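Beneath this line is the structure, given in structure tokens, with notes to follow.
Hydrogens, waters and symmetry mates play no part in the numbers below; they use all other heavy atoms, side chains included. Every value quoted in this text rests on a predicted model; they were computed, and no experiment measured them.
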Amino acid sequence: MDSLVEIRNLSAGYGQNIVLRDVNLSIQPFDFVGVIGPNGGGKTTLLKALLGLLSPISGEINFSEAMTEGNSHRIGYLPQINNIDRKFPVTVFDVVRSGLMSRKRLTGRYNSEENDRANDLMSEMGISGIRMKAIGELSGGQIQRALLCRALVNSPKLLILDEPNTYVDNRFERELYEKLKVLNEKLAILLVSHDLGTISTYVKSYACVNGSLHYHSGNKVTPELLKSYECPIQIISHGEIPHTVLYNHKS
């Protein structure tokens, strides 16, 4: 099976500050990768490089034909909710349809099929009743639902989520992860999170990012994985956590 994205020997940063060095990662169709690591370790830099918002210092990111549509890539992106300007005068419906902007012509008009797609997603997420509300009037969970609709409206092959459980209620958090589990049957997912205890139930593998990237196949939370995470965390669970021995990172 051909990979959707191939990251090869990627180094990236800002000016003279190199944040990531020699990163390699292959994203396959239907992957569900949990991206973990300490603050300042380079998770955001990795996302920016994937989204085309940051040019590599060296190395390359190659997208498959299936990932390419015109001059853009078939990536859906759910940003951190605290990066959203709630004062911006835009409705939920407009937010969802804005996920189609990469394919719009100069007119910026949406056809009936695109409007139907947006409406269907809002109905599926339970936000049809607030479609004409301003984004600033919504709760954290409602905003996340709207942003997830926006990320999916363009039928992506890869969905990237940046700390999606921030500022949302517990009920929607559970619904979100169950929704991602279903979506993973149709697309690949890259999920940035600090919540190892929750995402370990859903992800299929881990990418530990801390200046470089170490990939672990499998979703078991192990002492080796926690050591590579290099960030103080606490896991509370009932019963025993399954143990799998992972090979040490190569220096």
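For the pair Asp31 and Asn184, the tightest heavy-atom approach, listed with the atom from each and the gap, is O-ND2, 3.1 Å. The shortest heavy-atom contact between Pro79 and Gln144 is O-OE1, 4.3 Å. The minimum heavy-atom distance between Ile75 and Ile160, with the atom names listed, is CG2-CD1, 3.7 Å. Of all heavy-atom pairs spanning Val209 and Gly42, the tightest one is CG1-C, 3.7 Å. For the pair Pro164 and Leu176, the tightest heavy-atom approach, listed with the atom from each and the gap, is CB-CD2, 3.6 Å.
Going from atom CG of Leu53 over to atom CG of Leu47 covers 9.5 Å, rounded to the nearest 0.5 Å. Atom CE of residue Met122 and atom OG of residue Ser128 lie 6.0 Å apart, to the nearest 0.5 angstrom. Distance check: Leu121 CG to Asp116 CG gives 11.0 Å after rounding to the nearest 0.5 Å.
Among residues at least two apart or in separate chains, salt bridge (Lys or Arg N to Asp or Glu O under 4.0 Å) pairs with a member in residues 7-18 are Arg8-Glu60.
With sequence neighbours left out, the salt bridge (Lys or Arg N to Asp or Glu O under 4.0 Å) criterion links Asp94 to Arg97. Shown here are the ring pair (Phe, Tyr, Trp, His ring centres under 6.0 Å) partners of Phe63, two or more places apart in sequence or in another chain: His73.
No donor-acceptor distance shorter than 3.5 angstrom exists from the side chain of Ser3 to the backbone of Gln28, with no hydrogens or angles considered.
Annotation for Arg21: atom CZ does not count as buried by contact number, only 12 or fewer foreign heavy atoms lying within 6.0 Å. Within a 6.0 Å sphere centred on NZ of Lys204, other residues, nucleotides and ligands contribute more than 12 heavy atoms.
The one candidate from Ile127, Ile130, Asn115 that meets the side-chain contact (heavy atoms from CB on, under 4.5 Å) condition with Phe93 is Asn115.
Between the side chains of Tyr14 and Thr45, a donor-acceptor pair is found at a separation under 3.5 Å.
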